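A, B, ... follow the sequence lines: proteins, then strands. Residue 1 opens every chain. Since this is a predicted model, take the numbers as computed values, not measurements.
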Amino acid sequence: MWVLPLSRILTLKQLITELILHAVQPLVEDTSSLNIVLERPKSADHGDFASNIAMQLAKPLKQNPRVIAQQIIDGLPANQVISKVEIAGAGFINFFVSAHSKQAIVHTILRAGEDFGRNTSGQQQPVQVEFVSANPTGPLHVGHGRGAAVGDCLCRLLAANGWRVTREFYYNDAGAQIDNLTKSVLARAQGILPSDPAFPEDGYRGDYIADIAEAYLAKASVTADDMQVTASGTLEDVDAIRKFAVAYLRHEQDLDLQAFQIKFDVFSLESALYTEGKVEQTVQALIASGHTYEQDNALWLRTTDFGDDKDRVMRKKEGGYTYFVPDVAYHREKWNRGFSRVINEQGADHHSTITRVRAGLQALDVGIPQGWPEYVLHQMVTVMRGGEEVKLSKRAGSYVTLRDLIEEVGCDATRYFLAARSPDSQLVFDIDLARAQTNDNPVYYIQYAHARICSVLHQWGGDIARLQQAELSPLTSAAETALMQMLSQYPELVASACQALAPHMVANYLKELASALHSYYNDTKFLVEDAHVKQARLSLITATRTVLRNGLGLLGVSAPEKM
RNA sequence: GCGCCCGUAGCUCAGAUGGAUAGAGUAUUGGUUUCCGAAGCCAAGGGUCGUGGGUUCGACUCCCGCCGGGCGCGCCA
């Protein structure tokens with residue numbers, strides 16, 4: 001009898017993969033290059049797992065795949081997991097798992113609880129995720145909201161996969177846009193309205209500018225996550241206005257993020273890169289590396305050596321640095337801080353900076369890998385209400401703010417909708433759908449599944465902890481099998497969503513899991529007379545509740561017990 | 001002109017690393033509660049997967065061309 005490697009906890013999938021590997025060994029000389037992929041067939045007729053390994057081997061072995069498949073089946077070690085194996089189609093090997101092995105997932109989940117689905121693949125290595133990174137020139141808008149939702153879910157996924165995550169927010173607090181902000185606040189403080197010709201031409205025209213001006217004149221104090229400032233109220237001191245405006249808007253953004261249940265570990269300021277000499281050090285390092293040259297009174301970086309389509313100016317004719325120099329300095333700092341893995345979540349409108357930042361880092365010649373940092377870019381968001389695109393917000397003056405969305409549809413629905421689509425796809429945010437407290441709304445559909453289970457358990461009133469001892473053999477119906485199948489896929493889902501940096505996979509999974517639960521609920525009564533059967537069924541839905549809760553946790557969406 | 005993303009059911013979108021009969025929600029139609037929450041369930045109809053080639057035993061998936069949409073292409077950030 002083949003001995004299970006008990007030193008590791010194996011999923012059914014991993015276990016069957018091991019069995020196949022064992023059976024394949026006599027057929028091939030080197031199994032190290034083999035990629036044994038087990039998939040879950042769509043049709044139950046094709047078993048619980050299927051492997052295409054025989055078809056992969058057909059060419060190198062120069063044999064009929066069905067013959068190879070038979071050889072593999074003959075070589076499978078005896079075990080108690082597989083109840084039946086079949087060859088199908090061109091050479092698929094279909095595995096049917098014994099009922100007992102399928103049922104085991106329920107106890108696994110009940111034992112692991114909130115740890116179910118987590119793994120240690122990240123080995124507690126540090127990873128830094130930079131996201132939102134909005135400049136303090138106005139409220140956060142829907143686009144930032146998408147970045148916030150996706151970025152925060154990525155962090156939760158990484159943590160669930162054993163990474164040590166640092167959430168970081170970077171902003172420019174000193175550039176031309178901030179000057180513009182300062183002028184706008186000054187103008188409002190002087191009573192100049194945006195409609196007045198004297199108002200700064202490129203000034204910010206949203207109502208929030210007037211709020212800042214008013215607070216400044218009232219000598220208010222503001223506290224943001226990373227700073228505290230009290231206004232002097234004097235209009236002569238432009239620098240004081242700037243500092244106050246920045247702090248005020250940082251505070252506003254903190255409120256937005258807090259309403260969205262997102263907390264950052266580190267705030268980084270562009271100005272600090274200058275005052276601490278990091279920009280200058282980076283420039284000197286680039287010059288020393290020999291990848292720069294002077295031309296037209298400007299200093300250039302030969303980014304074309306690293307895949308860019310043209311070289312980039314570092315120091316302008318007038319003397320200042322272009323924006324990408326502090327960007328490179330900032331990322332050099334990330335590297336120096338020990339983050340061998342960094343992920344930047346940004347809007348797709350910034351994609352052109354990727355090549356430049358990476359080129360600058362390569363030019364430093366300090367051993368930074370070519371694909372570092374990683375990027376997740378999200379596409380634009382369109383907001384719809386009543387079948388029409390919403391473009392304006394009175395408060396912001398131009399765009400739909402995150403806070404408007406949260407106030408109108410709630411934190412849970414906003415997070416779900418912004419994270420439930422692939423970041424690569426443009427997103428249509430339908431306010432009517434998101435705020436609907438009906439079956440139209442997938443958020444409620446999932447939360448309802450959770451609440452339903454809670455309700456049943458409440459009515460039962462028994463000791464949930466004792467369900468771990470329940471005997472599970474009654475769980476054999478189609479609905480029960482389908483539900484257990486969904487549950488057993490959760491750990492793979494957590495791993496692959498993290499690998500693909502794709503939080504939306506979690507959202508889609510949860511919808512399917514909720515669907516399996518609702519089907520089961522309507523198919524089967526749980527609180528039946530037979531104590532044996534009742535215990536088994538309650539164990540299954542309790543396990544489902546755990547997975548729903550864990551999965552919603554990855555999205556940052558609540559799992560209510562009542563709705 | 002160049003680069004990145006997208007094009008799948010009327011609408012909004014899934015189909016990671018190529019697999020068997022392309023899925024879900026919504027909308028439409030028809031069923032379903034003396035019984036744990038009907039915010040539910042079951043079923044029907046609805047598709048040349050933008051298009052034309054190529055690679056492969058096998059392509060929604062990979063490669064090339066074309067069409068359509070979005071976003072970028074500054075000594076702005």
Looking at B:G37, I'd like to know if its phosphate oxygens (OP1 or OP2) sit under 4.0 Å from a side-chain N or O belonging to A:Gln459. yes

Tell me whether the side-chain N or O atoms of A:Asn94 pair up with the base of B:A20 as donor and acceptor below 3.5 Å, since no angle test is needed here.
yes

note: A:Leu540, atom CG; B:C36, atom P; distance rounded to Å ~ 19 Å

>> What contact category does A:Thr322 fall into here, base, sugar-phosphate, or nothing, at under 4.0 angstrom with non-hydrogen atoms?
In response: sugar-phosphate

**Item:** C1' spacing across the pair B:C41 / B:G58, given as an integer number of angstrom
**Value:** 37 Å

Hey, is A:Phe92 stacking on B:A20? Ring centres under 5.5 Å, planes under 30°.
yes

Here the residues of residues 504-517 of chain A within 4.0 Å heavy-atom distance, strictly under, of RNA chain B are A:His504, A:Asn508

Note to self: Can you classify the ring geometry of A:Tyr171 versus A:Phe267 as parallel (below 30°), tilted (30 to 60°) or perpendicular (above 60°)?
What the structure shows: perpendicular

| said: Mind checking if A:Ala451 touches a base, just sugar-phosphate, or nothing, with heavy atoms under 4.0 Å? | reply: base

Determine the Euclidean distance between corresponding P atoms of B:G74 and B:C2; express it in Å to zero decimal places. 16 Å

* To do: Have a look at A:Leu427 and say if it touches a base, only the backbone sugar-phosphate, or nothing, with a 4.0 Å heavy-atom cut-off.
  => sugar-phosphate

*Reckon A:Lys525 has a side-chain N or O less than 4.0 Å from the OP1 or OP2 of B:U33?*
no

Base, sugar-phosphate, or nothing: which does A:Ala298 touch, judged by heavy atoms less than 4.0 Å apart? base

The answer to which of A:Ser51 and A:Thr353 contacts RNA chain B further toward the 5' end, by nearest nucleotide, is A:Ser51

Taking a pair to mean Watson-Crick or G-U wobble geometry with both distances below 3.5 Å, B:G58 pairs with none

TODO: Please state whether the base of B:A77 and the side chain of A:Tyr323 form at least one donor-acceptor pair under 3.5 Å?
DONE: yes

Quiz item: Is A:Thr355 touching bases, backbone alone, or none of the nucleic acid, heavy atoms closer than 4.0 Å?
Solution: nothing

Is the closest basic N to carboxylate O distance between A:Glu168 and A:Lys334 below 4.0 Å? no

**Q.** Separation between the P atoms of B:G72 and B:G30, rounded to whole Å
**A.** 48 Å

So CZ of A:Phe324 and CE of A:Met314: to nearest 0.5 Å the spacing works out to 6.0 Å

- Message: For B:G3, does the base pair up with any side-chain atom of A:His351 as donor and acceptor (N or O, under 3.5 Å, distance only)?
- Response: yes

P spacing across the pair B:U8 / B:C13, given as an integer number of angstrom: 10 Å

Heavy-atom nearest nucleotide on RNA chain B taken for A:Ala50 and for A:Ser422; more 5' hit belongs to A:Ser422

* Classify the nucleic acid contact of A:Thr524 as base, sugar-phosphate or nothing, counting any heavy atom under 4.0 Å across all strands shown. => base

For A:Phe526, the ring-ring contact (aromatic ring centres under 6.0 Å, His included) test, sequence neighbours excluded, returns A:Tyr520, A:Tyr521

message: OP1 or OP2 of B:C36 versus the side-chain N and O atoms of A:Tyr520: is any pair under 4.0 Å?
response: no

Any base atoms under 4.0 Å from A:Met314, or only sugar-phosphate, or nothing? Heavy atoms, all strands. nothing

Whole-Å distance, A:Arg358 CZ to B:C4 P, equals 13 Å

Handout entry: Base B:G40 to side chain A:Asn522, donor-acceptor N/O within 3.5 Å cut-off
Key = yes

- Message: Heavy atoms only, 4.0 Å cut-off, all strands: where does A:Tyr521 land among base, sugar-phosphate and nothing?
- Response: base

B:U32 -> Watson-Crick or G-U wobble partner, both distances under 3.5 Å, gives B:G40

Base, sugar-phosphate alone, or nothing: which one does A:Ser496 contact when heavy atoms must sit under 4.0 Å apart?
base

A:Gln56 CD to B:U56 P, in whole Å, measures 17 Å

Q) Is the shortest heavy-atom distance from the side chain of A:Arg452 to the side chain of A:His518 under 4.5 Å? A) yes

d(A:Tyr509 OH, A:Leu554 CG) to nearest 0.5 Å is 11.0 Å

Discussion item. Can you check the distance between B:G65 and B:G3, where both ends of the measurement are the P atom (answer in whole Å)?
Written reply: 9 Å

